[in-house]
Amino acid sequence: MGFADQRFNVNLSILFTELPLLERPAAAAAAGFSAVELWWPWVDSPTPEQSELDALKKAIEDAGVRLTGLNFYAGQLPGPDRGALSIPGEESEKFRANVDVAADFAASLGCGALNALYGNRVDGVDPAEQDALALENLTLAARAAHRAGAILLIEALNRPESPKCPIVSAPKAVEIVDAVNAATGLGNAKFLMDLYHLSMNGEDLPAVVERYAAKTGHVQIADNPGRGAPGTGSLPLEELLDQLKKAGYDGWIGLEYKPGDRPSAEAFEWLPRDAR
């Protein structure tokens, strides 16, 4: 087996960022990839002008790539925020305003996965209040994703880099997945297994794969330490992806790593071109 037996897409919010947003889909295609994913591209606006949405849609279509994953609005990302849906007040309202916009955009491109980042704890706010708000908003998001023909992803981040985020382990993320599915009855909430984040938490990655492969809707990778390309760190990514495939996961593997001090187009030498 090995890397050649997987389906990889490129996250255009961490790779090819040396280029303007609308040039990145074509750059991914030129590097040999047929699919891309994105964080919410308009960090200051959950409801951008339709012309901006149309321009991005055209750039993706013109490049001949598929959009296979999209984040809902998540605040300043990259930056201090780790999501918006559990933040009372303005940020939660922005998330709600974004839900149908993101879902409609995903549906217009046949994108089958929408990622909802939970958000940080807020000083002075009862965590139980945040969690109740989060479940309410995740329920809205799951229903919107269902209407768009997509799954809803819940991602575990890592504690060292996201100390205020409460979703920093695979079991906690899956607990939220189960709660959303129980609330909606749709069964379309799934775990986003980011092997870099889980490794930063010190989790037993083979055990996580064994336990949660069946509830996993998407996988993302970067090596550790450094969040670079496979082979720049010490994670056994090829073996872990083999284990996932043997466990029945046949979805996309998102490349969500930093290219380092080089153009992004040069950050894929670990993956033969005919395997992209």
Side-chain angles (χ1 to χ4, degrees), residues 11 14 37 39 69 71-72 74-75 77-78 80-87 95 113-123 125-139 141-142 151-183 187-227 233-237 239-241 243-244 247-249 251 253-254 256-257:
N11 189 300
I14 194 169
E37 63 183 36
W39 303 341
N71 283 17
F72 287 107
L77 189 74
D81 298 333
R82 295 295 185 269
L85 62 90
S86 68
I87 312 297
F95 177 84
L114 286 154
N115 184 24
L117 290 173
Y118 201 85
N120 290 326
R121 289 300 191 208
V122 178
D123 293 341
V125 178
D126 184 351
E129 178 186 338
Q130 282 196 260
D131 291 341
L133 175 64
L135 183 57
E136 187 178 326
N137 283 336
L138 285 167
T139 298
I151 59 173
L152 176 74
L153 296 170
I154 309 293
E155 180 176 7
L157 302 182
N158 75 76
R159 187 174 286 104
E161 294 174 329
S162 305
K164 291 186 176 181
C165 179
I167 313 301
V168 288
S169 75
K172 184 62 178 178
V174 172
E175 176 187 318
I176 302 298
V177 165
D178 290 343
V180 174
N181 285 333
N188 69 329
K190 301 287 184 180
F191 176 40
L192 196 169
M193 183 185 293
D194 185 309
L195 294 174
Y196 167 75
H197 287 314
L198 301 180
S199 71
M200 285 286 288
N201 288 327
E203 297 186 60
D204 182 334
L205 298 182
V208 167
V209 170
E210 181 180 0
R211 186 174 181 185
Y212 297 123
K215 293 190 175 186
T216 297
H218 186 44
V219 175
Q220 291 174 333
I221 63 169
D223 216 330
N224 189 24
R227 200 173 185 175
S234 58
L235 291 185
L237 291 169
E239 289 137 20
L240 290 165
L241 296 183
Q243 184 189 351
L244 267 160
Y249 178 78
I253 309 295
E256 197 184 51
Y257 59 78

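Since this is a predicted model, take the numbers as computed values, not measurements.
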### Residue list, side chain to side chain contact (heavy atoms under 4.5 Å, CB included) with Asp123, at least two apart or on another chain
Lys164

### Message
Does any part of the side chain of Arg211, heavy atoms only, come nearer than 4.5 Å to the side chain of Val174, both counted from C-beta?
### Response
no

### Message
Using side-chain heavy atoms (C-beta onward) and a distance below 4.5 Å, is Leu205 in contact with Gln243?
### Response
no

#### Entry: Pairwise side-chain contact, Asn120 with Arg82, heavy-atom cut-off 4.5 Å (strictly under)
yes

### Message
Tell me every residue that passes side chain to side chain contact (heavy atoms under 4.5 Å, CB included) with Ala179, counting only those two or more places apart in sequence or in another chain.
### Response
Leu135

### Query
Quick one: CD1 on Ile167 to CG on Leu192, what's the gap to the nearest 0.5 Å?
13.0 Å

#### Entry: Partners passing side chain to side chain contact (heavy atoms under 4.5 Å, CB included) against Ala170 (at least two apart in sequence or in another chain)
Phe191, Leu198, Glu203, Val208, Tyr212

## Note on the structure
side chain to side chain contact (heavy atoms under 4.5 Å, CB included) filter on Ile87, not counting sequence neighbours, yields Glu91, Val122, Gln130

### Message
I need the His218 NE2 to Asp194 CG distance, nearest 0.5 Å.
### Response
8.5 Å

### Task
Any chance you could measure Asn115, atom CG, to Phe72, atom CZ, to the nearest 0.5 Å?
9.0 Å

### Task
Please name all residues satisfying salt bridge (Lys or Arg N to Asp or Glu O under 4.0 Å) with Asp131, sequence neighbours left out, ordered by chain then number.
Arg121

### Query
Could you give the distance from CD1 (Ile151) to OG1 (Thr216), rounded to the nearest 0.5 Å?
9.5 Å

### Query
Measuring from Gln220:CD to Glu37:CD, what's the distance to the nearest 0.5 Å?
4.5 Å

### Task
Inspect the surroundings of CD in Glu210 and state if more than 12 heavy atoms from other residues, nucleotides or ligands are less than 6.0 Å away.
no

## Note on the structure
Value for CG (Leu153) from CG (Asn188), rounded to nearest 0.5 Å, stands at 9.5 Å

### Message
The criterion is ring-ring contact (aromatic ring centres under 6.0 Å, His included); which residues satisfy it with Tyr118, sequence neighbours excluded?
### Response
none

